Amino acid sequence: MQPLSGIKVLELGNFVSAPYCGKLFAGYGAEVIKIEPPDGDISRTHGPFKNNQPDPETSALFMYLNTGKRSVTLDLQTVTDHNNLIELIKKSDVLIENYRPNDAKALGIDYETLKVINPKLVVISITAYGQKGPYANYYSNNLIAFAMSGQMFITGTEEGGPLKNGGYQADYQGGLNAFSAGMLAVLATERDGVGQHVDISVQHCMGPILEAGIPFYSYMGLWAPERRGNLMSSIMGVYPCIDGQIGIHVMARNWPPFARAVGHEEWIQDERYSTAEARMENSDELMAEIIQWSTNITKKEAHQAGGENRAPITYIHDMADLLESPQLKERGFLREIEHPVAGKATYPGPPWWMGPDNWTDNPAPLLGANTKEILEGLVR
Amino acid sequence: MTAPLTGIRVLDLTMVWAGPMGTRLLGDYGAEVIKIEGPKQWDLLRGLGRMPRTEERWYNKAAYFNHNNRNKYSTILDLQTNRGRELFLKLVSISDVLVENYRADVMQKLQLGYEEIKAVNPKIIYLSMPGHGKTGPESGYVTYGTNVEQLAGLVSISGYENGEPTKTGFSYGDPMSGTAAPAAVALGLRQLRLTGSGVFIDMAQRENLTCLVGEYLVDYSMNNILRNPIGNRNNQFAPHNCYPSGGENCWVTIACETNAQFAKLCTIMEQPDLATDPRFETIEARKKNEDLLDEIIKTWSLKHGHYETMHNLQRAGIPSGAVLTIPEIMSDPQMRSRNAWAEHSHPDAGTWEMETPPWLLSRTPGSVRLPAPGYAEHNEYVFADLLGLSDTEIAALHEEGVTALSPDIKSHT
């Protein structure tokens, strides 16, 4: 039995945020039906595609985000399909959607409407700004969310300007927050027998988590408009090495192990570096010495030296490194999934391990693959 | 209204950011969270508050700690002593959840691994959050937040267009693990409901974060191509970038996903002819001539404020957002209208604003019930009320160094 056995989820999600939330529900055992418009989720038109040949069935983005789901295509502009949707809503425990509030209302899937159809339903809405407020219906995407949350201002360099990080991290943050919040709502509903609306604002999730940025500004007025690129300080940052880059993150307690790992045991006693204050004061000098070390070592040697000495040193893993990682392999995190059109590929496994049988690996559905079977199963 | 986790007791053996943020969220949504620190081993964040050491009880005034530990109790217990371990196991027997984020081998060394805990309470949900996970050849490696995104594959695809891999401006792995923790615990509680048994959950922080770049792994395994960073641009659309605004270090983002949006942008820039210029008329043409297009937009964007551009473009249906600074996020009208910040008071630290529970659950909302605990603030509640120890027994704990009322500062500087 999986943690979410017996839960029925309806996903009216496009692109990344709601589909990631739905993927996690499916992975841990819920039955997830994905409702797609007749031309499919827009992530089907985004690459990268198998062999770089655009095909709505072989988008890596779609295939990854929709594992374990079934696909039903509905044209919600038609009365018949709208009625089909209502029948599906009556049979569901959870509905996940990521439309702008006005668009959700126009489609008839706003919470006020849904709760009348099914009072026990947990509705998870993921939007850029939340259901209410002056920007509630503003347009957004991953880039815009990075800007409006502050995560972008502090990333990158002074010269290069604000930078978002790779992939669709803002959208994923929305999906992950929605899954945690949605699961709390599921627990409350199973306890009380009454559903509710879970309102996720991506801006609200992303804005407060800028390390100590908000606490220091709010409590003490401390704030500097800085972007420090790859080197936050000499002992926290990304350094070049022979065949790539190395990352170090040394807290005060890690100084002796770090000094040993980089072959400079004498630094433990060296008064230029022996205390946190001294390391700060002589940061440039230390940085030069660390570069001297890093540029003469390979990434795997550095990673191993860190591991053996219990020093927080690793290297920048690219996708090839992940596929070859002895750690990920031994833990069984890398899952091979055979997709009927795209063939075999390697997918990340569960985000957290809950036992050998608690995560499902099934390929993403072909567009509308389950429409007939599911609509025929609806008892009128 | 009863919160989702009301009646759930959580033993919190976490420190710094990922773990404490996770258990704080459990507290925000109703759980009783008991944070356990040691007489000589506190949460490091107490020392990272940039508070002068001359302040009385400066370790209770670290804002970074106080934001991540509200809605918790604090008790002090030395788990390396027999008596401390014995009392901890008694707490285990009356608790529902245990969360820890030590390095992978620490709990085993303390003889508090899952098997030992399960023997005392088979219904416990035991969540471990180590960097690499509890198993595997690298499980003993030490990792902090910025290492997690390097291990996860994220840094390799982040950076300016065709530039070097670039780190996130903060320890991104930590809050992603913290955000995932309530889901993991909730799944555990549901499994308990279904099966009657507790569960061990191993959240390797690097794996949790690799799940947020999963499409790149699928792509590489199919196509054998490593993708370069693309900065703030998009593989399909243009314009899609961050542009300078008027004022120092002010920026705005603009993203046009359709021809109609682009035509409106040209009108607002008072250059309507650009919309039918063959260099920019179609999505493909704009993508091809993106450098030139970005220069044209930059010349215009510099003449306007960042919020001004955002509102003007949004009114026309064009995705745009000001690049907000920390002070701007705290005063942003949308964040204010959502009550994202709220004033609260702490007996030692005073009154200021902190973030509210981030997810709005209409029927069972989260709340800020308690300020972050002072060091040892709830010893009495835990020892007397929960464990039923007498005054004499509690005095003995102090004499033996099993607990403390104030930290041993020498071991924390």
Side-chain angles (χ1 to χ4, degrees), chain A residues 3 48 50 60-61 64 129 133-135 138-139 143-144 147-148 150 153-155 160 162 165-167 172 179-181 183-184 187-188 196-197 199 204-205 207-209 211-213 215 217-219 223 225 247 249 307 310 312 314 316 318-319 322 327 330-331 345-346 348 351-354, chain B residues 4 29 63-64 67 136 138 141-142 144 146-147 150 153 155-158 160 165 168-170 175 182-184 186-187 190-191 201-203 207-208 210-215 218-222 249 251 253 314 319 321 323-324 326 329 333-334 337 340 352-353 355 358-360 362-364:
Chain A
K50 166 94 170 175
L61 188 63
Y64 171 62
Y129 300 107
Y135 312 162
Y138 271 18
Y139 293 84
L143 173 69
I144 311 299
M148 293 297 288
F153 188 90
I154 62 172
T155 298
N165 53 17
Y172 274 105
F179 185 56
S180 263
M183 276 308 306
L184 295 178
L187 289 185
Q196 63 180 315
H197 193 195
D199 172 5
H204 191 174
C205 294
I209 58 171
E211 205 118 20
Y217 174 70
S218 181
Y219 186 56
W223 173 70
H249 189 141
R310 307 217 135 159
T314 186
I316 309 311
D318 61 25
M319 296 302 142
L322 293 186
Q327 175 69 7
E330 184 168 319
R331 285 173 55 77
T346 304
W352 49 88
W353 189 89
M354 297 184 69
Chain B
Y29 292 94
Y64 195 7
H67 279 236
E138 294 171 12
Y141 286 24
V142 178
Y144 292 107
T146 65
N147 299 132
Q150 296 156 1
V155 177
S156 80
I157 56 163
S158 299
Y160 296 105
T168 304
F170 58 108
L187 290 172
R190 189 165 193 278
Q191 185 156 321
I201 305 171
D202 184 7
M203 182 187 291
E207 292 174 356
N208 181 53
T210 291
C211 288
L212 306 193
V213 294
E215 70 272 19
V218 174
D219 168 39
Y220 179 76
S221 74
M222 288 193 306
N249 211 347
W251 307 80
T253 52
Q314 287 284 358
V323 179
L324 300 185
I326 284 169
I329 291 168
Q334 179 66 22
S337 83
W352 77 103
E353 282 189 319
E355 60 273 27
W359 316 316
L360 305 190
S362 62
R363 193 174 59 78
T364 62

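Quick caveat, the model's predicted, so the values are computed rather than measured. Naming convention: chains lettered A, B, ... in sequence-line order (proteins, then strands); numbering from 1 in each chain.
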* Structure fact -> In terms of heavy-atom pairs under 4.5 Å with chain A, the winner among V155(B), V323(B), V213(B) is V323(B)

* **Under 4.5 Å from a heavy atom of chain A, the part of E215(B) involved** => both

* Considering all heavy atoms, the nearest M354(A)-A184(B) contact -> CE-O, 4.3 Å

* To do: Count the heavy-atom pairs under 4.5 Å between each of G160(A), P225(A), P162(A), A345(A) and chain B, then report the option with the highest count.
  => P162(A)

* Atom pair CG (L324(B)) and CZ (F153(A)), whose distance is rounded to the nearest 0.5 Å -> 10.0 Å

* What is the minimum heavy-atom distance between P333(B) and Y135(A), and which atoms define it? -> CD-OH, 3.3 Å

* Asked: Which distance, rounded to the nearest 0.5 Å, do you find between the CG of L187(B) and the CG of L187(A)?
  -> 8.5 Å

* Measure across I329(B) and G150(A) and return the closest heavy-atom pair with its distance rounded to 0.1 Å. => CD1-CA, 3.4 Å

* Asked: If you measure from CD on Q327(A) to CD on E138(B), what distance do you get to the nearest 0.5 Å?
  -> 5.0 Å

* Asked: Between H67(B), Q334(B), E355(B), which residue shows the highest count of heavy-atom pairs closer than 4.5 Å to chain A?
  -> Q334(B)

* **Main-chain N/O of V142(B) paired with R310(A) side-chain donor or acceptor, under 3.5 Å** => no

* Could you tell me which non-hydrogen atom of P351(A) sits nearest to which non-hydrogen atom of M203(B), and how far apart they are? => O-CG, 4.2 Å

* Asked: When heavy-atom pairs shorter than 4.5 Å are enumerated against chain B, which of H204(A), H197(A), K50(A), M183(A) gives the highest number?
  -> H204(A)

* Side chain, backbone, both or neither: which part of Y160(B) has a heavy atom under 4.5 Å from chain A? -> both

* Structure fact -> Interface check, chain A: of G136(B), G153(B), C211(B), most non-hydrogen pairs under 4.5 Å belong to C211(B)

* Structure fact -> Value for CH2 (W353(A)) from CD (E207(B)), rounded to nearest 0.5 Å, stands at 11.0 Å

* Relative to chain A, which segment of P175(B) carries a heavy atom at a distance below 4.5 Å: side chain, backbone, both, or neither? -> side chain

* M319(A) vs D219(B), side-chain contact (heavy atoms from CB on, under 4.5 Å): CA-CA, chis, key distance, verdict -> CA-CA 9 Å; M319(A) 296 302 142; D219(B) 168 39; over 6 Å; no

* Taking it one step at a time, do L184(A) and W359(B) satisfy side-chain contact (heavy atoms from CB on, under 4.5 Å)? -> CA-CA 10 Å; L184(A) 295 178; W359(B) 316 316; 3.8 Å; yes

* **chain B interface, residue from I154(A), D199(A), T155(A) that has the most non-hydrogen pairs under 4.5 Å** => D199(A)

* Can you list the residues that meet the salt bridge (Lys or Arg N to Asp or Glu O under 4.0 Å) rule with E330(A), with sequence neighbours excluded? -> none

* To do: May I ask you to decide if T314(A)'s main-chain N or O and Q150(B)'s side chain share a donor-acceptor pair within less than 3.5 Å?
  => no

* **No-hydrogen, no-angle side-chain donor-acceptor test under 3.5 Å, T168(B) and N165(A)** => yes

* Of the backbone (N, CA, C, O) and the side chain (C-beta and beyond), which part of S221(B) lies under 4.5 Å from a heavy atom of chain A, both, or neither? -> both

* Taking C-beta and beyond as the side chain, do F179(A) and P182(B) meet within less than 4.5 Å on heavy atoms? -> no

* Asked: Which region of Y217(A), side chain (C-beta onward) or backbone (N, CA, C, O), has a non-hydrogen atom less than 4.5 Å from a non-hydrogen atom of chain B, or is it both or neither?
  -> side chain

* Residue part contacting chain A, namely of I201(B), when any heavy atom lies under 4.5 Å -> both

* Asked: Between the main-chain N or O of E353(B) and the side-chain N or O of S218(A), is there a donor-acceptor pair closer than 3.5 Å?
  -> yes

* To do: Taking all heavy atoms of I326(B) and all of G213(A), pick out the closest pair and write down the distance.
  => CD1-CA, 3.6 Å

* Asked: Out of P348(A), S180(A), P208(A), A188(A), which one racks up the most heavy-atom pairs below 4.5 Å with chain B?
  -> S180(A)

* Structure fact -> So CD1 of I209(A) and CZ of F170(B): to nearest 0.5 Å the spacing works out to 5.0 Å

